[in-house]
Amino acid sequence: MCGRYTLTVDEEAVMRRFHLDSSEAGHTPRFNIAPTQMAPVVLNEAPRRLSVGRWGLIPAWSKDATIGARLINARAETLIEKPAFRTPLKRRRCLVPADGFYEWRAEGKSKTPFFIRLKSGEPFALAGLWEVWQPPTGEPLRTFTIITVEANECIAPFHARMPAILPREVEQAWVDPETPAVELMAVLAPFPAREMEVWAVSRRVNSPANDDASLIEAI
DNA sequence: CCAGACGTTGTT
DNA sequence: GTCTGG
DNA sequence: CCAGACGTTGTT
DNA sequence: GTCTGG
């Protein structure tokens with residue numbers, strides 16, 4: 001699964017990586033992006049822009065926002081049948097820029113967190129869905145969820161699921177609302193484990209209040 | 001037709 | 001909003 | 001994902 | 001134990 005991730009590069013680097021012209025995200029390097037927090041997303045917009053949304057999808061029909069804290073992931077295998085996801089799947093797909101994520105492994109009484117990234121260290125796109133939710137009062141809120149797939153051999157020791165990392169060549173097709181969703185299901189597959197690496201990190205990452213470069217240092 | 005649900009993960 | 005169950 | 005809270009009533 | 005908030 002994916003319950004915490006990183007985007008440690010600055011906004012310029014994110015824009016370069018995803019060929020964007022402008023940004024409303026105000027992104028600064030992040031080492032501990034947690035559910036319900038705002039994070040950069042790439043929608044289908046012209047001109048191409050780095051946008052922003054709240055992690056944890058709140059369906060448009062939700063009466064309150066609390067469900068958002070639980071809908072942080074969406075299983076790829078059941079996207080089409082789940083009411084909360086099938087509507088955004090059609091025309092509201094997004095890229096979630098990231099360059100690493102965390103998984104926890106129980107070791108005796110406690111849990112040890114691990115950091116996972118590409119061996120290249122490069123940012124990548126997680127497959128996401130987004131929605132707009134209108135609170136009873138106030139401005140509409142954009143939210144998003146991260147799609148999960150079966151874990152590869154690198155992640156399997158930690159969990160049965162991992163976030164869907166998109167191959168670079170399908171990123172544009174993924175956000176294009178003209179692409180039929182059925183044609184995209186095959187790209188939701190475990191990323192090659194040989195291109196990923198993992199190491200143990202400090203338990204300081206457990207608290208979402210901590211967000212600094214030391215969180216991804218190997219211990 | 002109306003009413004009511006609508007989600008994921010891990011752990012026990 | 002959209003689907004399922006009654 | 002983990003951390004942290006977890007309640008009611010009436011009155012101002 | 002379970003739910004909400006970050």
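What you see is a predicted model, and the numbers here were worked out from it, not measured in a lab. Heavy-atom basis, side chains included; hydrogens, waters and symmetry copies ignored. First the proteins, then the strands, lettered A, B, ... as listed; each starts at 1.
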Would A/Val52 end up clustered with A/Trp55 when hydrophobic side chains under 4.5 Å apart are linked, directly or stepwise?
-> no

Counting any heavy atom closer than 4.0 Å, what does A/Trp61 reach on the DNA or RNA strands: base, sugar-phosphate only, or nothing?
-> base

Lys/Arg N to Asp/Glu carboxylate O, A/Glu217 vs A/Arg204, below 4.0 Å = no

Give the rounded distance in Å between these two atoms: CG of A/Leu71 and C1' of D/dC1.
-> 15 Å

With the threshold set at 4.0 Å, does a side-chain nitrogen-carboxylate oxygen contact exist between A/Arg117 and A/Glu197?
-> yes

Heavy-atom distance under 4.5 Å between the side chains of A/Leu166 and A/Leu95, does that happen here?
-> yes

Among the nucleotides B/dG10, B/dT8, C/dT2, whichever has the atom closest to the side chain of A/His159 is B/dG10

Atom CG of A/Asn32 to atom P of D/dC2: distance rounded to whole Å?
-> 12 Å

Rounding to a whole Å, what distance do you find between A/Glu150:CD and B/dG10:P?
-> 13 Å

Starting at atom CD of A/Glu81, determine the distance to atom P of C/dT2, rounded to an integer number of angstrom.
-> 18 Å

When we call it a touch if two heavy atoms are under 4.0 Å apart, what does A/Thr148 touch: a base, just sugar-phosphate, or nothing?
-> sugar-phosphate

How many Å lie between NZ on A/Lys111 and C1' on D/dC2, as a whole number?
-> 8 Å

Interatomic distance at C1', B/dG10 relative to D/dC2, whole Å | 13 Å

Contact class for A/Tyr5 (heavy atom, under 4.0 Å): base, sugar-phosphate, or nothing?
-> nothing

What distance, rounded to whole Å, do you find between the two P atoms, one in D/dT11 and one in B/dC1?
-> 47 Å

If we take the C1' atom in both E/dG6 and B/dA5, what is their distance in whole Å?
-> 28 Å

With P as the reference atom in both, quote the distance from E/dG1 to D/dT8 in angstrom, rounded to an integer.
-> 22 Å

Atom CD of A/Glu169: over 12 foreign heavy atoms under 6.0 Å = yes

Nucleotide-level pairing of DNA chain B, given in dot-bracket where Watson-Crick and G-U pairs need both distances under 3.5 Å and | marks other strands | ||||||......

Counting just side-chain N and O atoms, does A/Thr78 come under 4.0 Å of either OP1 or OP2 of B/dT8?
-> yes

Under 3.5 Å, is there a donor-acceptor pair between the side chain of A/Asn32 and the main chain of A/Arg4?
-> no

Expressed as a whole number of Å, how far does the P atom of E/dC3 sit from that of B/dC6?
-> 14 Å

For the pair made of CZ in A/Arg204 and P in D/dA3, what is the distance, rounded to whole Å?
-> 13 Å

Rounded interatomic separation in angstrom, taking CH2 from A/Trp104 and P from B/dG10 = 12 Å

Quick one: do A/Glu24 and A/Arg49 make a salt bridge, cutoff under 4.0 Å?
-> yes

Would you tabulate the nitrogen or oxygen pairs shorter than 3.5 Å linking the protein to nucleotides 3-6 of chain E?
{"residue": "E/dT4", "atom": "OP2", "partner": "A/Arg70", "partner atom": "NH1", "Å": "3.2"}
{"residue": "E/dG6", "atom": "N9", "partner": "A/Pro35", "partner atom": "O", "Å": "3.3"}
{"residue": "E/dG6", "atom": "N9", "partner": "A/Thr36", "partner atom": "OG1", "Å": "3.1"}
{"residue": "E/dG6", "atom": "N7", "partner": "A/Pro35", "partner atom": "O", "Å": "3.0"}
{"residue": "E/dG6", "atom": "N7", "partner": "A/Thr36", "partner atom": "OG1", "Å": "2.6"}
{"residue": "E/dG6", "atom": "N2", "partner": "A/Arg4", "partner atom": "NH2", "Å": "3.4"}

Could you check if a side-chain atom of A/Leu215 sits within less than 4.5 angstrom of a side-chain atom of A/Thr6, using non-hydrogen atoms only?
-> no

For B/dT9, does either OP1 or OP2 sit under 4.0 Å from a side-chain N or O belonging to A/Arg75?
-> yes

Which of A/Glu107, A/Arg105, A/Arg203, A/Glu103 passes side-chain hydrogen bond (donor to acceptor under 3.5 Å, both in side chains) with A/Thr112? It is A/Glu107

Could you tell me whether A/Ser62 contacts a base, only the sugar-phosphate backbone, or nothing, with contacts defined as non-hydrogen atoms closer than 4.0 Å?
-> nothing

According to a strict under-4.0 Å criterion, is A/Arg161 in side-chain N/O contact with OP1 or OP2 of B/dT8?
-> no

Please state how far atom CH2 in A/Trp133 lies from atom C1' in B/dC6, giving the value in whole angstrom units.
-> 15 Å

If we only count heavy atoms from C-beta on, is the A/Asn73 to A/Cys2 side-chain gap below 4.5 Å?
-> yes

Find out whether A/Glu77 and A/Leu188 are in side-chain contact, i.e. whether some heavy atom of one side chain is under 4.5 Å from a heavy atom of the other.
-> no

